[in-house]
J.: 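My questions all concern the structure below.
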2 protein chains.
Amino acid sequence: MNLMSPEALEAALRAIGEERYHILHPFHHMLHGGKLTKGQVQAWALNRYYYQASIPAKDASLIARLPTPELRREWRRRLEDHDGDGVHPGGVERWLALTDGLGLDRDYVVSLKGLLPGTRFAVDAYVQFVRERSLLEAIASSLTEMFSPNIISQRVSGMLRNYDFVTAETLTYFTPRLTQAPQDVAFALSYVKAHADTVEKQEQVLAALRFKCDLLWAQLDALHVAYVEPALPPPGAFRP
Amino acid sequence: MNLMSPEALEAALRAIGEERYHILHPFHHMLHGGKLTKGQVQAWALNRYYYQASIPAKDASLIARLPTPELRREWRRRLEDHDGDGVHPGGVERWLALTDGLGLDRDYVVSLKGLLPGTRFAVDAYVQFVRERSLLEAIASSLTEMFSPNIISQRVSGMLRNYDFVTAETLTYFTPRLTQAPQDVAFALSYVKAHADTVEKQEQVLAALRFKCDLLWAQLDALHVAYVEPALPPPGAFRP
């Protein structure tokens with residue numbers, strides 16, 4: 001690999017999304033295409049809760065390593081987005097509005113008792129990655145947000161159209177993400193483009209984004225094998 | 001839960017195996033029943049290599065925390081079993097005899113380039129668990145070896161009978177495990193029975209074994225979704 005210009009690096013990052021983002025996964029197509037039962041949608045929401053609930057831990061461990069007030073303030077906004085301010089609900093709380101709306105018991109969801117092990121391993125791998133790797137890699141791993149407005153709009157419109165058990169209120173999680181994600185990306189992408197100034201760092205940045213795509217993909221894999229085909233949830237996991 | 005006698009604790013541990021050990025997974029049934037293609041068996045061997053190769057890291061981090069020469073010597077035997085002595089091949093090397101025998105390029109296997117992300121996350125979760133949890137939980141998580149002679153004998157006899165591309169030499173990994181595993185279990189089980197002397201510790205021990213069963217199961221889940229149905233390996237993973 002040769003050193004890329006910042007613009008070429010951005011193009012290479014976007015190409016990873018084209019190839020690997022979980023919008024390409026059959027479970028996503030089934031989800032937004034109305035092909036899932038309510039129980040399967042419940043399983044998705046219940047498992048994805050663990051991802052949502054772990055994002056602030058990931059972000060806080062990144063903030064803990066950022067060197068300046070400016071950088072920490074920038075990343076602190078993400079904490080506020082996810083944890084709320086005590087008046088406006090954050091993303092974690094809004095995700096629970098989704099699991100509520102789908103008829104799942106909130107205590108059960110939060111207990112994580114029904115979680116798929118595959119979800120736990122993938123999410124924990126993300127938190128661990130952000131803790132252990134360089135700041136540059138940790139920030140780069142957030143860049144799947146470049147691709148999220150597209151998947152969110154597919155999800156929201158598809159789910160509203162195709163499931164009578166889904167309402168706009170249930171999907172309240174997603175609307176703020178459509179403006180938050182691009183704001184997050186603007187910072188993270190410019191940081192990555194400015195700091196990945198050697199071939200090695202550029203390779204690390206690309207690998208970090210591939211890793212992140214992999215762990216989103218693995219979460220849908222775990223749902224697919226447990227609830228679609230062969231539809232065999234591991235012993236102990238949620239059964240619709 | 002009430003405090004159990006050591007014998008009742010052992011029975012509870014064995015009951016976890018009856019419910020959760022990956023001998024119950026459909027991929028295992030297909031593997032030993034001759035229902036997989038050579039490419040699917042290759043995918044299994046390639047992915048399982050990462051598990052085998054990570055076991056010494058897991059064991060070494062446990063040894064690093066054991067307090068006495070006696071305990072460390074006991075656990076060091078596992079390192080020798082897996083890494084060999086420079087003359088007799090250890091388990092990692094013998095696993096590569098299996099991937100060789102299946103026609104996989106050894107450099108490719110060792111590079112981990114074709115690994116399923118789900119395999120990586122599950123195996124890394126195991127190494128991390130043993131690093132972070134109490135000695136008692138770390139030792140208890142090894143107790144899936146209680147159940148392994150049974151799965152190994154099913155695997156070896158079934159694979160030899162059902163696949164013309166599998167020879168006894170290819171399966172050389174498994175034979176020593178039939179004597180090593182019970183020896184490992186004798187120590188670990190007696191340690192656990194002696195040290196899990198409160199309700200809380202007994203619950204931790206049972207949870208540790210469930211966790212271990214989950215991560216073995218998740219590895220077969222990842223193989224199933226990628227190579228059996230819908231047979232969609234994540235971008236970048238091994239394609240038969």
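Lettering of chains follows the sequences in order, A, B, ..., and the numbering in each one begins at 1.
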J.: In residues 34-61 of chain A, which residues are in contact with chain B at a heavy-atom separation under 4.5 Å?
T.: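 Not one residue of residues 34-61 of chain A has a heavy atom under 4.5 Å from chain B.
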
J.: With chain A, which of A122(B), C213(B), G118(B), A125(B) has the greatest number of heavy-atom pairs at distances under 4.5 Å?
T.: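 Ranked by heavy-atom pairs under 4.5 Å with chain A, first place is A122(B).
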
J.: Tell me the residues of residues 217-237 of chain A whose non-hydrogen atoms fall below 4.5 Å from those of chain B, in number order.
T.: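 At a heavy-atom separation under 4.5 Å, chain B is reached by W217(A), A218(A), D221(A), H224(A), V225(A), E229(A), P230(A), L232(A), P234(A), P235(A), G236(A).
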
J.: CD of E200(B): more than 12 outside heavy atoms within 6.0 angstrom?
T.: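 Open: at most 12 neighbouring heavy atoms sit under 6.0 Å from CD of E200(B).
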
J.: Not counting sequence neighbours, list each pair that qualifies as a ring pair (Phe, Tyr, Trp, His ring centres under 6.0 Å) and has a residue in residues 124-159 of chain A.
T.: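 The answer is Y21(A)-F147(A), F129(A)-F211(A).
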
J.: Relative to chain A, which segment of L215(B) carries a heavy atom at a distance below 4.5 Å: side chain, backbone, both, or neither?
T.: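 For L215(B), the contact with chain A is made by backbone and side chain together.
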
J.: Counting only non-hydrogen atoms closer than 4.5 Å, does D214(B) touch chain A with its backbone (N, CA, C, O), its side chain (CB onward), both, or neither?
T.: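 Contact with chain A involves both backbone and side-chain atoms of D214(B).
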
J.: Residues in side chain to side chain donor-acceptor pair (under 3.5 Å) with R65(B), at least two apart?
T.: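 If we apply the side chain to side chain donor-acceptor pair (under 3.5 Å) test to R65(B), skipping adjacent residues, there are no hits.
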
